[in-house]
Visitor: 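This is the structure I have questions about; it appears just below.
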Amino acid sequence: MAGIRLDAVSKVYDGKYLAVDGVSLDVADGEFMVLLGPSGCGKTTLLRMIAGLEEVTAGELWFGRTLATGLAPKDRGVALVFQNGALYPNRTARENIMFPLRMAGEDPAAASEKAAGLARILRIDAALDRLPRTLSGGQRQRVAIGRAIVRRPKIFLMDEPLSNLDATMRTELRQEIGAMARDLKVTTVYVTHDQVEALTLADRITVMRDGRIEDVGTPDQVFNDPATAFAAGFLGTPRINLMSATVRVTAHHRVSLDFGAQAIQLPPIDRRSLILSSHDGAKVIVGARSDAFTPAADSGGPGQLSGRLRAIEFHGHQWVAFVECGIEMVNPDLVGLQRPSQAARRRIALDGTTRTRHAAPHGSGLSTRLSTIGTKAKARLGMAGLPPDAEAPTTPTHRRADLVLEIGAGSGLEPGGKVHLAVDTSRLHIFDESGHRVDRVTRAQPAERSGTRR
Ligand code: ATP
């Protein structure tokens, strides 16, 4: 077994395209780490670099105390499962799982015994003597997982292993994967863009965006105490409300969040009040999940907002209300991207096409971002020749939209009517304009998997 350390690891494809940008991350021995993020954020690239299938352009990769950056894939003790774990069609499930052991010269009876043990964990023991074509997609994927893990790799890597399965099978196999990881205590890195998989499986989640890390923490930390507005927006359904506000400080050092047409006051003892009290007039982004609001009987009070109920939707286990409050909302996907004045965007020719990417968020400018890449990579990238701020982003960062909140059945609220909302200020997350939390986010670094979370 081994932990994994990524030290300022970058990947530049074809000498031109920066896919992973100076990522530093520790995965503890036996930990289940989920890489979560939107399509194209660099999750698979990171996983493939750990597996040795992609060269690391800059930075170092460590497995325990071994520098693994230049190790051949076969010398890494790593097993990898993809979306479609290909099986040997003419071998039974048992023979497929045993195969790596047989190749390593293990005695057939012992190998068969180990395959049967794994099959029990993966709940395919009844299908062990069947050929792959007679198995369901979920069973085949279980066999592929069994085959990958049977030699007890030091590190187990999975790249969206459930994405080709139907919802029921996904849920089942997700539970089996969780049970297996718990039993075998193998260091696991699991790539997904599915927040439910991330929240249910992970010891810790790494939220990625645009080749970089936005947040790393336990599911509870990342969901309830997100480090950035993007991470807050990526987890949770409905998506978190991000409201544009201005800090107002009264003569008595009371802090209000001024949304324009209305405001809410933070309690004086709130630690954000202390931080914001010297920032009168500062622009902030206030995040509130849909369950941080409760319909109230009347307006007024320092912790209330009012608006017009535009629509109510039935979502099965909840009702979701859309309330027009005249508040400027911020799009989580765009927050933190460069504003026109700061935009240092790169145009990178790739296969004859022109791609444009946003540079780093406010406060970590392009030069800092590129400084994480070694000189060799810089030379290959031709950094000196990068285009200047040629184009400003054309998509507006802010939009006017509704507050989205959950309401109980039988609330009596009718679309078109006025609604007053009590806001649980303790559940507000306050970010600066670049999307970083104004207050400190605490993150414990777990040692070995304790097994207490599940
Ligand atoms: P997805 O969830 O869609 O698989 P991802 O987060 O795993 O996305 P990657 O596959 O790692 O993202 O890709 C990161 C970026 O690198 C993408 O913009 C992708 O287009 C680019 N990329 C990936 N492989 C190559 C390659 N071989 N050559 C050039 N660019 C690549």
Side-chain angles (χ1 to χ4, degrees), residues 4 6 8-25 27 33-59 61 73 78 80-86 141 156-165 170 174 188-199 201-202 204-216 222 228 230-231 233-235 332-334 336-338 345-361 366 369-370 372-373 377 380-382 386 393 395:
I4 305 170
L6 298 160
V9 165
S10 295
K11 175 68 187 177
V12 180
Y13 281 112
D14 305 329
K16 299 170 199 159
Y17 185 62
L18 183 58
V20 171
D21 188 1
V23 163
S24 293
L25 180 68
V27 184
M33 175 66 84
V34 172
L35 302 182
L36 176 71
S39 183
C41 70
K43 310 178 293 291
T44 296
T45 301
L46 204 54
L47 200 77
R48 288 174 62 82
M49 284 194 285
I50 297 171
L53 301 177
E54 293 291 350
E55 190 190 328
V56 172
T57 311
L61 171 65
V78 164
L80 183 57
V81 171
F82 298 99
Q83 288 174 11
N84 261 328
Q141 198 62 338
F156 190 32
L157 308 175
M158 286 186 269
D159 191 354
E160 310 235 19
L162 308 182
S163 60
N164 288 342
L165 306 178
R170 239 183 357 244
R174 190 178 75 214
T188 302
V189 183
Y190 183 104
V191 161
T192 185
H193 57 262
D194 181 325
Q195 53 168 308
V196 176
E197 280 174 33
L199 290 169
L201 283 172
R204 284 189 304 155
I205 299 172
T206 298
V207 181
M208 291 185 68
R209 176 202 206 182
D210 208 13
R212 283 171 295 136
I213 291 179
E214 285 275 323
D215 198 1
V216 187
V222 175
T228 67
F230 177 83
F234 201 79
L235 286 157
D333 295 331
L334 300 178
L337 298 177
Q338 295 279 294
R345 308 182 81 203
R346 286 172 294 159
R347 257 201 251 134
I348 296 152
L350 182 69
D351 300 333
T353 58
T354 298
R355 291 182 182 225
T356 312
R357 297 181 73 214
H358 292 282
L366 182 64
R369 192 174 178 202
L370 295 177
T372 56
I373 303 179
R380 282 168 62 192
L381 267 168
L386 281 174
T395 327

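Ligands are counted one by one from 1 in listed order, and the atoms in each one are counted from 1 as well. Given the structure is predicted, the values throughout are model-derived calculations rather than measurements. Computed over heavy atoms, backbone and side chain alike; hydrogens, waters and symmetry mates excluded.
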Visitor: Indicate yes or no for a side-chain donor-acceptor contact from T206 to the backbone of V216 under 3.5 Å, with no hydrogens or angles considered.
Guide: no

Visitor: Could you pull out, from C41, G42, S39, the option with a heavy atom nearest to atom 3 (O) of ligand 1?
Guide: S39

Visitor: Which ligand 1 atoms are under 4.0 Å away from a heavy-atom of G40?
Guide: 1 (P), 3 (O), 5 (P), 6 (O), 8 (O), 12 (O), 14 (C), 15 (C), 17 (C), 18 (O)

Visitor: Going by the atom numbers of ligand 1, which of them fall below 4.0 Å from some non-hydrogen atom of P38?
Guide: 6 (O)

Visitor: Give the contacting part of M208 toward ligand 1: side chain, backbone, both or neither, where contact means a heavy-atom distance below 4.0 Å.
Guide: neither

Visitor: Under 4.0 Å from any heavy atom of E160, which atoms of ligand 1 are there?
Guide: 2 (O)

Visitor: Using modelled atom types only, decide if a donor and an acceptor are shared between the side chain of Q141 and the backbone of F82 within a distance under 3.5 Å.
Guide: yes

Visitor: Please check whether A19 reaches ligand 1 - meaning an N/O of the residue sits under 3.5 Å from an N/O of the ligand, judged on distance alone.
Guide: no

Visitor: So, does R209 use its side chain to make a donor-acceptor pair with the main chain of D333 at under 3.5 Å?
Guide: yes

Visitor: I want to know if ligand 1 touches T45 in the polar sense, i.e. an N/O pair below 3.5 angstrom.
Guide: yes

Visitor: Name the residue from L35, V189, I4, V9 that meets the side-chain contact (heavy atoms from CB on, under 4.5 Å) definition with L25.
Guide: L35

Visitor: Between R174 and E197, is the closest basic N to carboxylate O distance under 4.0 Å?
Guide: no

Visitor: For the backbone of D21 and the side chain of R212, can you confirm whether one donor and one acceptor N or O come within less than 3.5 Å of each other?
Guide: no

